[in-house]
Protein chains: 2
Amino acid sequence: MNQQSNRKKDILTAALSCFTDMGIAATSIDDIRLKSGASIGSIYHHFSNKEGLATALFREGLEGYRQGLIDVLSEAQSGEVLVKGAVDFHVEWALAHPDKVRFMLYAKREMSVLADDAVVREETGDFLSRVKALFTPFIIKGEIRQFPKELYIPLLSGPSQELIRIWLSHPKVIDLKGMKPYLAEAAWNALRPSS
Amino acid sequence: MNQQSNRKKDILTAALSCFTDMGIAATSIDDIRLKSGASIGSIYHHFSNKEGLATALFREGLEGYRQGLIDVLSEAQSGEVLVKGAVDFHVEWALAHPDKVRFMLYAKREMSVLADDAVVREETGDFLSRVKALFTPFIIKGEIRQFPKELYIPLLSGPSQELIRIWLSHPKVIDLKGMKPYLAEAAWNALRPSS
DNA sequence: TATAATTCTAGAATAATATTCTAATTTCAA
DNA sequence: TTGAAATTAGAATATTATTCTAGAATTATA
């Protein structure tokens with residue numbers, strides 16, 4: 001039970017590493033076999049195929065990010081702390097897991113168009129509901145401005161997300177950590193009441 | 001000379017359509033052959049391989065977007081018009097070319113890690129220089145706030161970009177066009193002096 | 001206009017790679 | 001201890017990308 005889990009995790013780790021280095025299309029199952037030490041049969045036992053492997057990685061990353069964000073948001077006592085805390089977490093997560101971010105950002109939809117969207121959609125729906133529940137009280141209290149609901153995520157994380165994207169391409173040039181205060185301030189300015 | 005160009009364009013069009021419908025990984029050269037009417041030999045005559053085809057599509061899209069943006073920015077007479085015009089163009093371009101946007105957003109880095117980055121980087125550098133030249137006078141005049149230079153693009157287009165991303169996944173649910181005023185206002189608030 | 005050179009097209013032949021399949025081996029519960 | 005289930009292995013097969021050779025179309029040159 002332990003050996004098995006490790007083997008599965010080894011495959012995921014090797015795959016993420018290969019995907020990061022060479023891109024999904026360019027990494028062969030054999031590359032993953034060599035790097036993970038698993039056999040072809042073992043890889044196909046644990047994952048349906050290359051796409052299934054990519055999907056598993058994607059979901060694993062998403063799950064970690066979402067759980068962390070919910071934890072941070074749950075503790076906020078004011079609208080400002082909520083918003084700035086979310087931005088801070090977002091950037092810190094990227095700094096801590098650059099490979100996962102790169103993979104999730106660039107490799108996602110590539111693999112197939114719908115995949116198992118049933119499950120992914122449900123998880124996404126749950127996540128959005130939970131985030132909404134954490135924002136709502138502050139909107140009602142007037143600490144956060146009211147917007148059409150689809151705008152909250154773009155206003156909150158859009159600039160951070162865009163800077164992270166640039167940072168992934170030019171890690172040496174961009175001081176992502178140093179930009180955190182600006183990003184937090186910008187998000188708060190966009191979401192605070194009036195102006 | 002005319003027949004040839006058409007053939008090449010037909011291949012690009014068919015490829016974009018296949019990539020949009022099934023994803024890059026899942027479309028075979030044979031799919032592109034069938035949809036374009038070109039032979040395998042012809043496809044490989046015009047493009048080095050599947051990745052080269054994707055790269056050509058990516059560059060074509062980028063070129064169109066960039067040229068259009070430069071045109072819009074060049075006419076702006078004030079900081080506010082510059083910023084809001086840029087956001088407006090960005091969103092309108094997505095509305096007009098959803099397939100290209102989807103492709104560029106999701107399919108890009110997938111294909112290979114560096115590809116012909118020499119050329120792409122140079123083009124990107126030129127583009128950024130030109131954009132910078134259009135912003136600078138307004139920053140000097142004090143109509144646009146001074147920031148670390150890597151922040152302008154995220155603050156300007158981050159929220160729009162993020163909403164577009166969501167819109168591509170849920171086109172029926174999101175009223176992208178209707179959100180334009182909010183996005184323009186948010187960008188202007190982020191970039192205008194003081195607050 | 002004739003003809004050489006170049007570009008383009010075609011599809012069969014080949015190479016690379018993904019996936020399946022059968023047979024062990026290991027793990028775990030009874 | 002034993003048998004069922006899970007896991008591993010790698011050879012066999014299927015799929016797909018790419019190359020190659022030959023011929024058709026176009027363009028340039030005389």
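Side chains included, hydrogens not; waters and symmetry mates left out as well; all remaining heavy atoms used.
Side-chain contact, A:Arg66 with A:Thr124: a donor N or O sits under 3.5 Å from an acceptor N or O. Counted by atom type alone, A:Ser28 and A:Asp31 present one or more donor-acceptor pairs between their side chains at under 3.5 Å.
Rounded to the nearest 0.5 Å, atoms CG (A:Leu69) and OG (A:Ser74) are 8.5 Å apart.
Between the NZ atom of B:Lys8 and the P atom of D:dA25 there is a distance of 21 Å, given to the nearest Å. For A:Lys9 and D:dT8, the NZ to C1' distance is 20 Å, given to the nearest whole Å. For the pair B:Ile11 CD1 and C:dC8 P, the interatomic distance rounds to 11 Å; values are reported in whole Å. Rounded to an integer number of Å, the gap from A:Asp31 CG to C:dA18 P is 8 Å. Going from atom CG of A:Leu34 over to atom P of D:dG10 covers 12 Å, rounded to whole Å.
Every salt bridge (charged side-chain N to carboxylate O under 4.0 Å, His left out) that A:Lys180 has, sequence neighbours left out, goes to A:Asp88, A:Glu92. Applying the salt bridge (charged side-chain N to carboxylate O under 4.0 Å, His left out) rule to B:Glu143 yields the partners B:Lys141; only residues at least two apart in sequence or on another chain are considered.
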Do nucleotides 14-19 of chain D as a string where each nucleotide becomes B, S or -: B if the base has a protein heavy atom under 4.0 Å, S if just the sugar-phosphate does, - if no protein is that close. --SSBB
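Distances shown here put every side-chain N or O of A:Arg33 at or beyond 4.0 Å from the OP1 or OP2 atom of C:dA18. In terms of phosphate contacts, B:Ser39 brings no side-chain nitrogen or oxygen within less than 4.0 Å of OP1 or OP2 of C:dT9. Applying the 4.0 Å criterion to OP1 and OP2 of C:dT9, one finds that B:His46 has a side-chain N or O inside that range. Residue B:His45 places at least one side-chain N or O closer than 4.0 Å to OP1 or OP2 of C:dC8.
Put simply, the side chain of B:Ser157 never gets that close to the backbone of B:Ser160: no donor and acceptor are under 3.5 Å apart.
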